[in-house]
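Remarks on the structure that follows.
Throughout, protein chains are lettered first and strands after them, A, B, ... in sequence-line order, and every chain is numbered starting at 1.
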Protein chains: 2
Amino acid sequence: MNAPRRGRGRPAVLTRERIVAAAVDVLDAEGLDALTMRRLGSRLGVAAMSLYRHLPNREAVLAAVVDRLFAEAVVDLGTGMSWPEALTGFAVAYRRMLLSHPQAVPLLATHPVDIDRGRELLAGLLGTFEAAGVTPHDAVTAVQSVGVYVLGHALAQVGGNPSLDDAALRFYDEWFEAGLGAMVRGFAVNALRGTPPPA
Amino acid sequence: MNAPRRGRGRPAVLTRERIVAAAVDVLDAEGLDALTMRRLGSRLGVAAMSLYRHLPNREAVLAAVVDRLFAEAVVDLGTGMSWPEALTGFAVAYRRMLLSHPQAVPLLATHPVDIDRGRELLAGLLGTFEAAGVTPHDAVTAVQSVGVYVLGHALAQVGGNPSLDDAALRFYDEWFEAGLGAMVRGFAVNALRGTPPPA
DNA sequence: CGTTGTAAGCTTACGTCGTACACAAAATAG
DNA sequence: CTATTTTGTGTACGACGTAAGCTTACAACG
């Protein structure tokens, strides 16, 4: 399963995977500002400069973290559902990931997932629309709109106070479902109408 | 109109207002990373440390910029409209501000507007809902949902490529209106139904 | 006028950041 | 054993935010 042994040189103690995993740990535990090259190195028992053998710079570390977290969000989205169900399921799974990595939310907001990678990860969801006869263009519009809503909502929830009491949590959950429901309903209405181009 | 002369000491060349205005200029021209205390000072013909006489730290500068930009977005929202019209108008005005300060979008995303200040600036819009018999709770839900969608959408548009061709701009505009329309329509459906609590 | 008090701006300095560059260490191939 | 190759390290530089103390430029008072 692991094969970092490629032949000649000094054996690698670091791997891209190990670095990214450690980066997620540091991010969750200490926040985005604490995710420095030195801190990440020390977490791995290694000097900061060693990381540059595996990733070109800090931006690349952040991009890799974004990719890993988004992939974590969209595994097992389930199949055999109508597109409104699948779309809602995606929103819920995405939100669950964001709330379980609250310190990552500002990062996800500022470093969008690579667009092709995003389409790849969401192929199943988009297929649900296609099976229902929705055009790819409209499907992408709906999925992106919902994604953008979920991220924006998590930003608002997490950006304010880091920790919230139960009442506040209920409030945000209610609000989330209200906005999500409104949007999905709105798209469904449009689809039933035969999707006239937006005026 | 201006009264920086308060009596005793050395006359002030700096004002909080002047600093914030310069900060917006630097942000628009060179981006968030370039908005450093030294750069801001040099823009004003002043040493970096001089800024600390007027604002406690860099975070306060950023917060002041956020406040100023959001206030810029919501002046003149118009009156005498139904709440769906007013809500759509708010979304359009907010989006216009974001797209005319693209470098500020990540800042707005990470530094939410102060909640009380936000309610104050949006009092007129919320009144439109009240006049139509919508509960304050539902009004806040709808306004925040739309705000979150607009910001998230601008993040997606601006975060990808900094400059876009006409086709891409049309694509984003279409997408924006589709998602916004869906959401407003969804809330309207709910309101007509008498606003049952979200399941 | 000179002196004094006070607010505003300046200089210097410290610790931290990302990272360029040259080097040391640890393995395999011959 | 030696040469080769890959990985990790040490040092150093410039830029950042900002703490502390100093200087400057005014108004008020004598």
d([atom1], [X]; [atom2], [N]) in whole Å:
X	N	atom1	atom2	value
B:Leu32	D:dC16	CG	P	13 Å
A:His54	D:dT7	NE2	C1'	7 Å
A:Arg53	C:dA26	CZ	C1'	13 Å
B:Leu35	D:dA15	CG	P	17 Å
A:Arg58	C:dT16	CZ	C1'	12 Å
B:Leu40	D:dT18	CG	P	12 Å
B:Asp33	D:dG17	CG	C1'	14 Å
A:Leu55	D:dG8	CG	P	12 Å

For the backbone of [Y] and the side chain of [X], can you confirm whether one donor and one acceptor N or O come within less than 3.5 Å of each other?
X	Y	answer
A:Tyr149	A:Phe176	yes
A:Arg39	A:Ala34	no
B:Arg18	B:Val13	yes

Quiz item: Which one, D:dT18, D:dT9, C:dG18, comes nearest to the side chain of A:Thr36?
Solution: C:dG18
Practice problem: When you get a sec, tell me which of C:dA20, D:dG8, C:dC10 is the closest nucleotide to the side chain of A:Met49? | Solution: C:dA20
Practice problem: Hey, which sits more toward the 5' end of DNA chain C by its nearest nucleotide, B:Ala47 or B:Arg8? | Solution: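 Of the two residues, B:Arg8 wins.
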Quiz item: Within the pair A:Ser50 and D:dT9, is there a side-chain N or O less than 4.0 Å away from OP1 or OP2?
Solution: yes
Quiz item: So, does the side chain of A:Arg10 form a donor-acceptor pair with the base of D:dT7 at under 3.5 Å?
Solution: yes
Quiz item: Between B:Arg68 and B:Glu17, is the closest basic N to carboxylate O distance under 4.0 Å?
Solution: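 Looking at B:Glu17 and B:Arg68, the cut-off is met.
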